[in-house]
There are 2 protein chains.
Amino acid sequence: MRRGKIWRQANPTNPAFTPETSPFFHLSRLTGLYHLRMDAHLKPIGMDVPRWRVLNILYEHECAPISTIADLAVIRMPTMTKLIYRMEGEGLVSTRVSAKDGRVTEVSLTEKGHAGVDQVRVKAGLIFERAFHDIEDGEIEAFMKIMKKVYDNIY
Amino acid sequence: MRRGKIWRQANPTNPAFTPETSPFFHLSRLTGLYHLRMDAHLKPIGMDVPRWRVLNILYEHECAPISTIADLAVIRMPTMTKLIYRMEGEGLVSTRVSAKDGRVTEVSLTEKGHAGVDQVRVKAGLIFERAFHDIEDGEIEAFMKIMKKVYDNIY
DNA sequence: AAAAATAAGTTGAAATATCCACTATTGCGT
DNA sequence: ACGCAATAGTGGATATTTCAACTTATTTTT
């Protein structure tokens with residue numbers, strides 16, 4: 001076990017632990033603020049963060065089962081099922097039962113869904129720019145590397 | 001404007017953008033997974049992540065108005081108000097109107113709330129250990145520095 | 001000292017998310 | 001082929017979050 005200064009304070013079991021020294025506390029806080037900012041931009045165009053997550057995933061996958069989308073977005077399946085059908089009602093995605101496997105519901109983007117992605121990316125770009133304008137490329141790279149590592153560790 | 005490899009792909013307005021190259025997408029995903037793992041540990045002891053955020057903040061502040069807690073936790077005030085009163089009903093916190101300012105409701109930890117913090121920290125410690133065991137102290141430090149910077153940028 | 005503006009909180013209705021139990025379909029082992 | 005386990009999804013009851021409008025208290029203007 002290491003004995004560094006950070007390690008000690010970052011571990012919640014240590015008495016010296018505070019939210020200020022906790023990576024996960026900062027993580028939750030930053031994500032919360034990001035969602036707040038995104039929502040402010042997305043609301044006026046009838047969109048929100050969960051929808052955007054789905055659109056982004058489908059933009060890449062073209063056609064994916066609900067379970068895969070739920071897994072990639074880290075949203076529980078019952079929640080995702082309902083979100084997908086809401087989005088279908090809004091014309092953003094279309095669904096159909098898979099020909100290969102009668103259990104799976106395949107979801108794909110509609111024309112309107114594609115347009116929605118482009119529309120939201122402009123907004124997302126603004127926030128990204130604001131958030132990372134003074135962060136070096138190398139730092140962003142390192143940042144993402146750690147997030148991936150931690151994600152895999154608790155996956 | 002910079003032209004690095006990461007920058008281009010990380011910006012949502014760039015056609016080469018994918019969730020895989022987006023810091024914010026990874027951020028949301030990691031936070032989601034973390035909440036999932038925490039919930040699994042917290043549910044059996046009648047706790048959850050929002051409650052834990054509040055407990056942690058009060059552990060530091062001893063006595064804070066709802067608005068401050070809401071701000072620190074990045075949770076909207078109506079949500080926080082209801083959460084606080086739920087927690088009061090559960091005996092975790094106590095509330096009273098401030099003597100100095102009749103508008104503010106001061107919240108503080110009860111005995112049971114303190115015990116709850118200690119109890120949850122054990123669980124949080126397990127997940128922290130699992131998540132960061134192979135991450136260097138220096139990396140954690142850099143990680144948190146970037147999160148703070150980004151947080152301030154979009155605050 | 002009002003009047004106006006701001007800040008803190010509260011509440012009810014509506015939107016969402018979550019739990020849990022259930023169905024339908026497929027895969028696996030013998 | 002048969003039965004059992006696993007997978008994908010659905011549906012209802014419940015819990016939580018959010019919006020929008022409102023109340024009350026304080027601060028700032030004029």
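Letters A, B, ... mirror the listed sequences (proteins, then strands); counts begin at 1.
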Exercise for review: Could you tell me whether the side chain of Thr105(A) and the main chain of Ile66(A) form a donor-acceptor pair under 3.5 Å?
Suggested key: no

Check your understanding: Which residues within residues 24-38 of chain A lie with some heavy atom under 4.0 Å of an atom in DNA chain C?
Key -> none

Check your understanding: Would Phe143(A) end up clustered with Ile146(A) when hydrophobic side chains under 4.5 Å apart are linked, directly or stepwise?
Key -> yes

**Study point:** Gap separating the CG atom of Leu58(B) from the OG atom of Ser94(B), nearest 0.5 angstrom
**Key:** 9.0 Å

Exercise for review: Find which nucleotide of DNA chain C each of Met80(A) and Arg103(B) is nearest to by heavy atoms, and output the residue with the more 5' nucleotide.
Suggested key: Arg103(B)

Practice item. Flag yes if Met147(B) and Phe25(B) sit in one hydrophobic cluster, no otherwise; membership is Ile, Leu, Val, Met, Phe, Trp, Tyr, and two members link when side-chain heavy atoms are under 4.5 Å apart. Key: yes

Check your understanding: Going by heavy atoms closer than 4.0 Å, what residues in residues 87-99 of chain B are next to DNA chain D?
Key -> none

Review point. Residues two or more places apart in sequence or in another chain: which of them pass salt bridge (charged side-chain N to carboxylate O under 4.0 Å, His left out) with Glu90(B)?
Key: Arg51(B)

Check your understanding: Measuring from Asn11(B):CG to Phe132(A):CZ, what's the distance to the nearest 0.5 Å?
Key -> 11.0 Å

Exercise for review: Report yes or no: do Leu55(A) and Ile45(A) belong to one cluster of Ile/Leu/Val/Met/Phe/Trp/Tyr joined by side chain heavy-atom distances under 4.5 Å?
Suggested key: yes

Review point. Hey, where on DNA chain D does chain B first and last touch, going 5' to 3'? Cut-off is any atom under 4.0 Å from a heavy atom.
Key: dT16(D) to dT26(D)

Check your understanding: So how far is it from His133(A) NE2 to Phe128(A) CZ, rounded to the nearest 0.5 Å?
Key -> 11.0 Å

Check your understanding: When the ring centroid of Tyr59(B) is compared with that of His114(B), is the distance short of 6.0 Å?
Key -> yes

Point to revise | Side chain Glu139(B), main chain Glu136(B), donor-acceptor under 3.5 Å | key: yes

**Study point:** N/O donor-acceptor pair under 3.5 Å between Glu88(A) side chain and Thr95(A) backbone
**Key:** yes

**Study point:** Test log, rule side-chain contact (heavy atoms from CB on, under 4.5 Å), inputs Val97(B) and Val104(B)
**Key:** CA-CA 6 Å; Val97(B) 174; Val104(B) 321; over 6 Å; no

Output a table of donor-acceptor pairs, distance under 3.5 Å, between side-chain atoms of residues 70-84 of chain B and any protein atom two or more places apart or on a different chain; print 'none' if there are none.
{"from": "Asp71(B)", "atom 1": "OD1", "to": "Tyr155(B)", "atom 2": "OH", "distance (Å)": "3.3"}
{"from": "Asp71(B)", "atom 1": "OD2", "to": "Tyr155(B)", "atom 2": "OH", "distance (Å)": "3.1"}
{"from": "Thr81(B)", "atom 1": "OG1", "to": "Met77(B)", "atom 2": "O", "distance (Å)": "2.9"}

Check your understanding: Among all residues two or more places apart in sequence or in another chain, which pass the salt bridge (charged side-chain N to carboxylate O under 4.0 Å, His left out) test with Arg86(A)?
Key -> none

Review point. Heavy atoms under 4.0 Å, any strand shown: does Thr105(B) hit a base, just sugar-phosphate, or nothing?
Key: sugar-phosphate

Point to revise | Test log, rule side-chain contact (heavy atoms from CB on, under 4.5 Å), inputs Met47(B) and His41(B) | key: CA-CA 9 Å; Met47(B) 199 71 72; His41(B) 282 84; over 6 Å; no

Residues 28-38 of chain B, side-chain donor-acceptor partners within the protein, below 3.5 Å, at least two apart:
{"from": "Ser28(B)", "atom 1": "OG", "to": "His35(A)", "atom 2": "NE2", "distance (Å)": "3.2"}
{"from": "Ser28(B)", "atom 1": "OG", "to": "Phe24(B)", "atom 2": "O", "distance (Å)": "3.2"}
{"from": "Thr31(B)", "atom 1": "OG1", "to": "Thr31(A)", "atom 2": "OG1", "distance (Å)": "2.7"}
{"from": "Thr31(B)", "atom 1": "OG1", "to": "Leu27(B)", "atom 2": "O", "distance (Å)": "2.8"}
{"from": "His35(B)", "atom 1": "NE2", "to": "Ser28(A)", "atom 2": "OG", "distance (Å)": "3.2"}
{"from": "Arg37(B)", "atom 1": "NE", "to": "Ile154(A)", "atom 2": "O", "distance (Å)": "2.6"}
{"from": "Arg37(B)", "atom 1": "NH2", "to": "Ile154(A)", "atom 2": "O", "distance (Å)": "3.2"}

Review point. Does the side chain of Val117(B) reach to within under 4.5 Å of the side chain of Leu109(B), using non-hydrogen atoms?
Key: yes

Study note, to complete from the structure: 5'-most to 3'-most nt of DNA chain C touching chain B (<4.0 Å, heavy-atom partner on protein side) reads dA7(C) to dC19(C)

Exercise for review: Can you sort out which residues in residues 58-75 of chain A have a heavy atom within less than 4.0 Å of DNA chain D? Ascending by number, please.
Suggested key: Pro65(A), Ile66(A), Ser67(A)

**Study point:** Contact list for residues 104-117 of chain B, test salt bridge (charged side-chain N to carboxylate O under 4.0 Å, His left out), sequence neighbours left out
**Key:** Arg96(B)-Glu106(B)

Exercise for review: Could you check Asp48(A) against Lys43(A) for side-chain contact (heavy atoms from CB on, under 4.5 Å), going step by step and ending with a plain yes or no?
Suggested key: CA-CA 6 Å; Asp48(A) 62 10; Lys43(A) 230 16 190 341; 5.8 Å; no

Practice item. Give me the residues of residues 39-57 of chain A where at least one heavy atom lies under 4.0 Å from an atom of DNA chain C, by number, or none. Key: Pro50(A), Arg51(A)

Review point. Mapping Asp101(B) and Lys82(B) onto DNA chain C by nearest heavy atom, which one lands closer to the 5' end?
Key: Asp101(B)

**Study point:** Intermediate values then yes/no, side-chain contact (heavy atoms from CB on, under 4.5 Å), Thr13(A) and Glu129(B)
**Key:** CA-CA 10 Å; Thr13(A) 54; Glu129(B) 171 82 32; over 6 Å; no

Review point. Between the two ends of the helix from dA1(C)-dT30(D) to dT30(C)-dA1(D), what is the bend in degrees, rounded to 10 degrees, where each end axis spans five pairs?
Key: 40°

